[in-house]
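Below is one structure, written out as structure tokens; comments come after it.
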Amino acid sequence: MWERTLQDLVRGLRANKKDEAKFIAKAVDEIRQEIKTDDMELKAGAVLKLTYLDMLGYDMSWASFHVVEVMSSPKAHLKSIGYLAASQSFEQDTDVLMLTTNLLKKDLSSTPADIAISLDGLSHIVTPELARDLTPELVAMLNHSRPSIRKRAILALYKMLLKYPEAITQARSRLGEKLDDSDPSVVAATVNVLCELARRNPRDYLSLAPQLFHLLTSSSNNWMLIKIIKLFGSLSPHEPRLVKKLQPPITELISTTPAISLLYECVHTCIIGGMLQGPSGDSLAKICVSKLAAFIQDADQNLKYIALLAMAKIVPTHPHLIAEYQDTILLSVDDQDISIRMRALDLLSAMANRSNLQSIAQQLLTHLVRDTSTVLPTAAQSLAQNNAPPSLTATNTFSPSQSSAYRLTLAQRILSLCSRSTYENVSNFEWYLSVLVDLSHVANVDVGAEIRDQLVDVVGRVRGVRRYAVKLMYTLLSDDTILRNATEEGSCSEVLWAAAWICGEYCLELSEPQKLIPYLLQAEITNLTPDIIATYIQAATKIFGVWAAELAQQWKDAHLSEVKDIVETVLITMRQLVNSQRIEVQERASNALQIFTFIQADLNSYRPEPVSMPLAGPSSIEGNSPTEAPRFPKSLYLIQPLFDSYELNPVAANAQASVAIPDGLDLDTWIVLPPFEVTAQNNVNTGEKKKKLKKGKGKEVQSSAPFKKKKAPQNGQQILLTLIDSDYETPEEKALFEKRKAERLAQLRDDPYYIMDHIPKPIEDVDSIPVVHLDGMPPIPHDLHDDRLPTLRATSQTFSSESFVIEKDGEMPQRVISPPPGSLTAPVLSTGTPAAPVRVASFPEYEVPEEVPPVETIKVVRTKKKGPTKRKRTAPVDNMT
């Protein structure tokens with residue numbers, strides 16, 4: 001019979017590439033026949049062919065028992081085939097492994113060739129059960145007379161200890177003895193095993209430190225020295241005395257060794273072992289940093305990567321040493337390899353401090369510029385102030401940092417660098433605001449929300465930067481670059497929200513507020529998102545209110561036309577935005593439309609009066625007399641009091657938690673009750689009497705419903721008359737009626753498509769209507785002799801050198817102690833001082849005289865007729881809608 005050998009199988013596979021599956025199926029059928037024979041040579045050949053097919057992905061688990069048979073062959077070349085097949089195909093749950101225990105014990109006590117074969121195979125197929133049963137034999141094998149067997153036994157012991165850790169007590173002493181073995185390969189194998197075991201539990205191997213230190217100072221094998229250095233890196237954190245002992249030999253190795261791998265391991269061990277701490281570690285740290293800096297300049301990408309990774313670990317203890325190589329590190333930010341760029345960013349993030357933050361941020365910002373010819377003007381003006389070396393500022397037409405993912409990472413890293421620990425490293429907030437604006441121009445990725453939040457946060461916390469911020473935001477709003485590209489991806493249009501909010505909130509810093517209103521209300525704002533449009537409306541309203549109030553203080557009739565033009569501009573835009581599909585834009589536009597319509601009507605009705613010379617006296621000095629009408633449109637003071645009553649300050653993070661829940665407030669009760677489902681039981685009541693309600697003349701109908709709807713009049717107005725007879729109503733019916741009425745009113749109140757006409761009942765007694773006397777109210781003050789404008793910020797183009805104060809904590813709520821009912825005293829804060837009332841600076845508050853009579857309540861009643869008794873009663877009308 002002719003059998004196919006492994007060489008024939010390989011040739012057949014190469015010859016049948018078009019129909020490989022058919023050929024393999026035929027070959028497997030032949031192998032199934034061969035593997036069942038009693039001839040061990042033929043069986044081993046079949047197992048060898050199965051092993052080759054297993055490497056191609058075909059399953060051979062069905063032949064695991066035959067593999068064990070080949071492993072038990074007395075011939076070494078057949079035994080090696082069996083162990084090879086077992087190490088490749090056996091898994092931890094293979095059933096036949098339980099049959100190999102006695103076989104392995106027999107092979108471990110056989111000839112050196114069989115021992116070597118069995119040790120190589122055992123390291124691959126060992127299980128916890130095999131490790132437990134074979135540990136004594138393997139530990140005894142460490143004292144074998146042949147170095148090759150001792151070396152294999154040590155390496156196999158490592159796999160045994162991983163599966164059966166309880167054997168470490170038996171093997172630790174023997175491993176210590178092997179450190180003094182006469183054969184260098186055995187010592188190297190022992191150090192390798194100890195290095196891996198010490199990574200899991202270093203304290204168990206501290207007793208071997210003297211022997212390892214002797215090997216460190218006496219050995220010349222670089223590979224073994226690397227393992228010893230790694231081993232000491234695991235042991236030194238648990239034994240402080242090792243640090244001083246290891247510093248001299250490791251320093252000598254770093255200074256003298258030409259092997260780069262050994263040099264890096266020495267530096268890494270110094271970092272993780274705590275050898276750079278204290279005065280004695282400063283000189284060693286300086287040597288380590290200089291070596292790592294040389295790695296960064298090397299052409300090998302692997303050396304650059306590990307050098308940046310190691311430097312990032314030295315920065316927390318020796319930042320001044322890393323700062324010396326800042327320019328070298330920044331070169332790696334523009335490297336072609338993305339992994340090197342990310343490690344360089346990590347290192348820059350770790351080394352940033354108050355002194356070098358500006359240079360790092362500016363140089364990172366230059367990497368976001370695509371091309372010097374396509375840089376936006378707003379960003380180019382700021383980037384021109386960069387003081388980086390020429391080699392770093394030069395940018396290519398295409399840079400590896402132009403990928404969207406990396407640009408997003410780079411932009412977020414700039415933001416996180418500057419905002420770390422509430423901007424503790426930022427010394428000039430005017431500079432940082434300019435960086436945020438430049439970043440919004442050149443980022444070209446979706447970081448607009450982060451820039452917006454930081455702009456608002458910085459301006460709210462740092463009072464000294466508000467003037468510059470308003471000027472910068474004015475420039476941003478007047479530049480239509482971002483507005484024009486608002487619909488494009490990565491346009492950072494959210495920064496316009498912050499610009500409008502800042503200009504509206506701190507509009508007192510604007511030198512000419514009226515010039516910003518047309519930019520806020522231009523037709524192109526419809527390309528923005530609804531929340532930005534709503535903020536534009538609010539900002540324009542605030543700016544007009546402040547400007548109009550200031551204009552009233554120095555009013556001249558020549559200003560009337562200018563105010564009318566601004567109001568007309570606002571009304572044109574509001575009439576367009578009031579038809580917006582977004583409810584927030586529609587609501588704010590509607591409110592602004594009504595306010596400015598009123599202002600326009602007041603301006604149109606205003607008639608300038610001739611100015612008469614005031615008579616000499618106290619009234620002429622203090623201003624207008626109480627009876628003199630103001631010589632300016634009174635509507636100019638309409639908007640300002642709506643927004644400047646309180647100053648908006650940053651709030652502490654835990655402020656909301658410090659607010660006590662008011663008495664009587666139950667947070668678990670329903671605000672809006674769930675829909676009420678009427679069941680049949682609601683209409684069944686054993687003691688209930690059906691009520692008779694009149695319908696028309698002389699007609700009576702029986703009903704158990706608690707109310708009846710009257711037909712609406714012909715004029716289209718809906719009037720709901722609720723008729724309740726308390727004599728015949730049960731408490732359950734009253735509760736049901738009240739609940740349904742509340743649900744109905746709430747539904748109608750929130751329904752935007754339902755118009756509720758309030759038609760009050762005519763009052764016959766007109767004289768009973770109370771009248772509020774408005775006599776004696778003080779006039780709006782106006783000083784004709786004071787033409788001074790409020791102090792506004794200067795328009796400086798350079799960053800100020802003043803010291804900025806940032807409010808990191810924010811405000812906490814103040815507990816107000818309410819006075820007892822009926823008391824006329826003002827509320828008292830928790831500090832014990834009365835709370836001063838908030839006053840608007842533009843004009844005094846109105847005061848109502850105390851002799852004004854109280855307003856009386858008007859009660860509407862009507863007469864109801866009941867049955868044949870002719871009894872008359874009055875009942876209040878519950879609702880007239």
Side chain proximity check, V585 to V578, heavy atoms < 4.5 angstrom: no

L508 and E550: which non-hydrogen atoms are nearest, and at how many Å? CD2-OE2, 3.5 Å

Rounded distance (nearest 0.5 Å) linking atom CD1 of I322 with atom NE2 of H318: 9.5 Å

Under a 4.0 Å N-O cut-off, is there an ion pair linking E568 with K564? no

Inspect the contact between E505 and R466 and indicate whether a charged nitrogen and a carboxylate oxygen are less than 4.0 angstrom apart. no

Taken to the nearest 0.5 Å, the spacing of C418 SG from W431 CH2 works out to 4.0 Å

Output field: ring centroids Y637/F632 closer than 6.0 Å: yes

Which atom pair, heavy atoms only, marks the closest approach of L415 to Y432? O-OH, 4.0 Å

Output, in order, the C-alpha distance, side-chain angles, deciding distance and verdict of side chain to side chain contact (heavy atoms under 4.5 Å, CB included) for C507 and V470. CA-CA 7 Å; C507 52; V470 171; over 6 Å; no

Side chains of D335 and Q301 only: does a donor on one sit below 3.5 Å from an acceptor on the other? yes

Less than 4.0 angstrom from a charged side-chain N to a carboxylate O is my criterion; do R341 and D334 meet it? no

Give me the ring orientation class for W497 and W501: parallel if the planes are under 30° apart, tilted from 30 to 60°, perpendicular past 60°. parallel

Checking side-chain hydrogen bond (donor to acceptor under 3.5 Å, both in side chains) for the pair D457/Y423: CA distance, chi angles, key distance, verdict? CA-CA 10 Å; D457 191 44; Y423 317 101; 2.8 Å; yes

Which atom pair, heavy atoms only, marks the closest approach of A486 to L528? CB-CD2, 3.6 Å

In terms of relative ring orientation, are F804 and F429 parallel, tilted or perpendicular, with 30° and 60° separating the classes? perpendicular

Test your reading of the model: is there a side-chain donor-acceptor pair from N353 to the backbone of N356, 3.5 Å cut-off? yes

R463 side-chain N/O to V805 backbone N/O, donor-acceptor pair under 3.5 Å: no

Find the distance between CD1 (I314) and CE (M351) and round it off to the nearest 0.5 Å. 12.0 Å

Can you check side chain to side chain contact (heavy atoms under 4.5 Å, CB included) on Y406 and I338, steps first, answer last? CA-CA 8 Å; Y406 181 71; I338 181 63; 3.6 Å; yes

Do S427 and Q358 pass the side chain to side chain contact (heavy atoms under 4.5 Å, CB included) test, and can you show the C-alpha distance, the side-chain angles, and the key distance before you say yes or no? CA-CA 9 Å; S427 58; Q358 292 191 17; 3.6 Å; yes

Quick test of your reading of the model: are D531 and R582 salt-bridged, counting only N-O distances below 4.0 Å? no

When you measure from the side chain of Q522 to the backbone of Y519, do you find a donor-acceptor pair of N or O atoms at a distance under 3.5 Å? yes

Does the side chain of I296 reach to within under 4.5 Å of the side chain of M311, using non-hydrogen atoms? yes

Should the heavy atoms of other residues, nucleotides or ligands under 6.0 Å from CD1 of I671 be counted, would the total exceed 12? no

Between R407 and L368 (side chain of the first, backbone of the second, donor and acceptor by atom type, cut-off under 3.5 Å), is there such a pair? yes

Sequence neighbours excluded, every pair satisfying ring pair (Phe, Tyr, Trp, His ring centres under 6.0 Å) that has a member inside residues 520-551: F544-W547, F544-F596

Checking N604 side chain against Q600 main chain: does a donor-acceptor pair fall under 3.5 Å? yes

Who are the side-chain contact (heavy atoms from CB on, under 4.5 Å) partners of T422, not counting sequence neighbours? R461, I806, K808

